[in-house]
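Right, one structure below, let's go through it.
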Amino acid sequence: MYNSFIIKSDTALSVQNTIFSGQSFLWNTCQCNCVYFSSIIDGVPLFIRQISDFEFEVNADVKEINSTLLSVVIRDYFMLDIAVENVFPEEFSRFYPELWQLLQKYFTLRILKQDPFETMISFMCAQGIGMHLIRQQVAMLTKTYGEKTTTYFEGRNIDLYNFPTPLRLAEADPFVMCRCTNNNRARAANIILASRNVAEGRIDFEHLRNREIPLSELRIILSQQSGIGFKIADCIALFSLGRLDAFPIDTHVKQYLRKWFGSTTALRSLSPATYLALDAEARSFLNPELAGYAGHILFHCWRMEVKKMRSF
DNA sequence: CCCCAGGCTTTTC
DNA sequence: GAAAAGCATGGG
C-alpha cells in the first residue's frame with residue numbers, strides 16, 4: 001500500500017526541527033539512516049528517512065497522491081532549490097575564520113517550509129519556556145483538536161494527527177484549551193482569537209505570501225495580533241511564508257550576536273527598539289536576502305556547539 | 001533556593 | 001522612551 005520514492009538533492013541534506021508539531025519529529029544533523037520523520041503534508045501521511053547525505057526516501061500511499069506531485073511537494077517542503085552553502089556572503093569566511101570552521105558541519109541543515117497557521121500557533125506556544133514544554137503543548141493541541149489518522153507502516157500502527165483547522169481552534173473552550181497551553185490562560189485566549197481571525201479571513205496567509213509586501217510591513221501586520229511580537233512574526237515569515245530574509249531574534253540569537261559578533265546592542269533588554277537595532281546589525285554582515293537562513297544555521301550551531309544542547 | 005528556557009503584555013519609573 | 005514584573009512549568 002505504501003510505495004517509496006527517492007528524492008535527490010544536488011547538495012548534502014539534514015533537517016533540524018523548525019517545528020514543534022506532534023506530527024513532525026526531529027532529525028539531528030549527521031544522523032542519517034536511523035530516524036524516521038513522519039508528517040502530514042497536504043493531508044497525506046508521509047514517512048521520510050534519510051538514506052544518504054543527498055537522498056531522502058519518502059513513503060506515501062500512492063492512492064492518495066502520485067509520485068510526480070509528491071516529488072514536487074517534497075522539493076518545496078525541504079526547499080531543495082536553496083543552496084545552503086551560498087547563504088553567507090562571500091567575505092564572511094575572511095571576517096570570521098574561526099566561526100566559519102565551526103559552522104561547516106551545519107551547512108547541510110534544511111529549513112522546512114511549513115503551513116503558516118500551524119507555524120503561527122506553534123510559535124505562540126514558544127514564549128519563555130523550554131523546548132520540551134513547547135513540543136508538549138503543540139502535541140496536546142493536535143491530539144485534542146486534530147483529526148486522527150491511523151496508518152500501518154513497517155509492521156506497526158502509527159497514529160498521526162492533522163494539525164487542527166483554524167475553525168476548530170476558533171471554536172475551542174478556553175478552559176479546555178488551557179490544559180494544552182501549559183495552563184497559560186492568556187496564551188489559550190490569544191490562540192483562540194488568532195484562530196478566529198484566520199478562520200474569518202481577517203488574517204489571509206495567501207495574501208501575506210506576496211513578496212511585494214516589505215518585511216517590515218509584514219512584521220507590523222502579524223504583530224498586531226495579540227500574543228505575537230516581532231520575533232514570532234519573523235518566525236512565521238521565515239518558516240512558512242518563504243521569507244528567508246526574516247531574521248527572528250530570540251534569547252539564543254541575542255547571545256551569539258554578543259559573543260560571536262561583539263554586539264553591544266545585545267547587552268540591552270530585548271525591547272522592540274533593541275530588536276530592530278539588532279536586526280539591522282545582523283543584516284550588515286549577513287546577506288540581507290537570506291539573513292534568516294544564515295541565522296538559523298548560526299542558531300543551531302550556537303545551541304549545539306556552545307550551549308551543548310544535545311537534543312531538542 | 002536560584003536562574004534559564006526559540007516572548008509577550010502590562011506596569012512602573 | 002526603557003527597564004522590570006507577571007505569566008507558567010520543568011530542568012540544571
Side-chain angles (χ1 to χ4, degrees), chain A residues 15-22 24-26 28 106 109 111-112 114 118-141 174-194 197 219-240 243 246-260 264-279 282 291-312:
Chain A
V15 177
Q16 194 248 333
N17 70 325
T18 48
I19 198 160
F20 316 112
S21 161
S24 308
F25 298 103
L26 164 74
N28 266 332
Y106 297 96
L109 184 149
I111 289 179
L112 305 181
Q114 297 154 160
E118 182 170 348
T119 304
M120 178 175 77
I121 302 301
S122 296
F123 278 100
M124 288 177 79
C125 293
Q127 300 177 357
I129 53 178
M131 186 68 83
H132 71 283
L133 279 179
I134 298 165
R135 302 183 67 141
Q136 176 181 294
Q137 290 174 81
V138 180
M140 285 182 74
L141 283 172
F175 290 96
V176 175
M177 183 183 284
C178 202
R179 290 188 288 111
C180 305
T181 58
N182 210 28
N183 295 321
N184 188 318
R185 309 243 306 100
R187 181 172 302 152
N190 285 336
I191 287 174
I192 290 169
L193 183 59
N197 285 334
R219 197 151 48 193
I220 295 295
I221 293 171
L222 290 170
S223 61
Q224 280 172 349
Q225 198 57 222
S226 180
I228 297 179
F230 286 172
K231 189 268 177 180
I232 294 178
D234 278 336
C235 284
I236 297 168
L238 175 62
F239 297 125
S240 72
R243 296 299 292 256
F247 183 80
I249 301 167
D250 67 355
T251 175
H252 296 289
V253 175
K254 185 165 171 282
Q255 287 168 27
Y256 77 59
L257 288 175
R258 173 79 194 95
K259 288 289 184 185
W260 282 344
T264 52
T265 312
L267 292 169
R268 311 208 309 248
S269 71
L270 199 48
S271 66
T274 305
Y275 189 99
L276 295 177
L278 287 174
D279 182 65
Y293 214 122
H296 201 58
I297 292 170
L298 290 163
F299 168 88
H300 191 52
C301 182
W302 173 261
R303 288 170 54 108
M304 298 294 281
E305 301 292 330
V306 180
K307 302 301 284 289
K308 305 294 183 188
M309 296 181 176
R310 70 176 311 291
S311 76
F312 293 88

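A note on names: the letters A, B, ... follow the listed sequences, proteins ahead of strands, and every chain is numbered from 1. Because only heavy atoms are used, hydrogens play no part in the values below, and waters and symmetry mates are left out as well, while side chains stay in.
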For A/Y256 against A/W302, the heavy-atom pair lying closest together: CB-CE3, 3.5 Å
Mind checking A/R187 for me? I need base, sugar-phosphate or nothing, with any heavy atom below 4.0 Å counting as a touch. nothing
Nearest-angstrom distance from the residue atom NE2 of A/H252 to P of B/dG7: 7 Å
Short heteroatom pairs, N/O only, protein and nucleotides 2-4 of chain C, under 3.5 Å:
{"residue": "C/dA3", "atom": "OP2", "partner": "A/S269", "partner atom": "OG", "Å": "3.1"}

When the nearest nucleotide of DNA chain B is assigned to A/C235 and to A/G227 on a heavy-atom basis, which residue is associated with the more 5' position? A/C235
So does A/N183 get a side-chain nitrogen or oxygen closer than 4.0 Å to the phosphate oxygens (OP1/OP2) of C/dT9? yes
Does A/F123 lie flat on the base of B/dG6, that is, centres under 5.5 Å apart and planes under 30° off? no
Check the phosphate of B/dG6 against A/K254, side-chain N and O only, distance under 4.0 Å to OP1 or OP2. Yes or no? no
Rounded interatomic separation in angstrom, taking CG from A/N182 and P from C/dG6: 19 Å
Hey, does A/C235 have a side-chain heavy atom less than 4.5 Å from the side chain of A/D250? no
Between A/N184 (CG) and C/dG10 (P), how many Å, whole number? 13 Å
Rounded to the nearest angstrom, tell me the gap between atom CD in A/Q127 and atom C1' in C/dA8. 11 Å
Pairwise side-chain contact, A/V306 with A/C301, heavy-atom cut-off 4.5 Å (strictly under): no
Aromatic contact, A/Y293 with A/H296 (centres under 6.0 Å): no
I'd like to know if the side chain of A/K231 reaches the main chain of A/I249, judged simply by a donor and an acceptor atom lying under 3.5 Å from each other, with no hydrogens or angles considered. no
Quote, to the nearest angstrom, the P distance that separates B/dC2 from C/dA5. 13 Å
Base, sugar-phosphate or nothing for A/I232? Non-hydrogen atoms, less than 4.0 Å. sugar-phosphate
Rounded to whole Å, the NE2-C1' distance (A/H132 to C/dG12) equals 11 Å
5'-most by nearest nucleotide on DNA chain B - A/Q225 or A/Q255: A/Q255
A/K308 has an atom NZ; how far is it from atom C1' of B/dC4, in whole Å? 19 Å
Round to a whole Å and report the spacing from CD1 of A/I134 to C1' of B/dC8. 14 Å
Of the listed C/dA8, B/dT9, C/dG10, the closest approach to the A/S226 side chain comes from B/dT9
Is the shortest side-chain heavy-atom distance between A/Q137 and A/I129 below 4.5 Å? yes
Parallel, tilted or perpendicular: which fits the ring planes of A/H252 and A/F299, with parallel below 30° and perpendicular above 60°? perpendicular
Touch check for A/G128, heavy atoms < 4.0 angstrom, all strands: base, sugar-phosphate only, or nothing? base
Write down the distance between CD1 (A/I220) and C1' (B/dC8), rounded to a whole number of angstrom. 15 Å
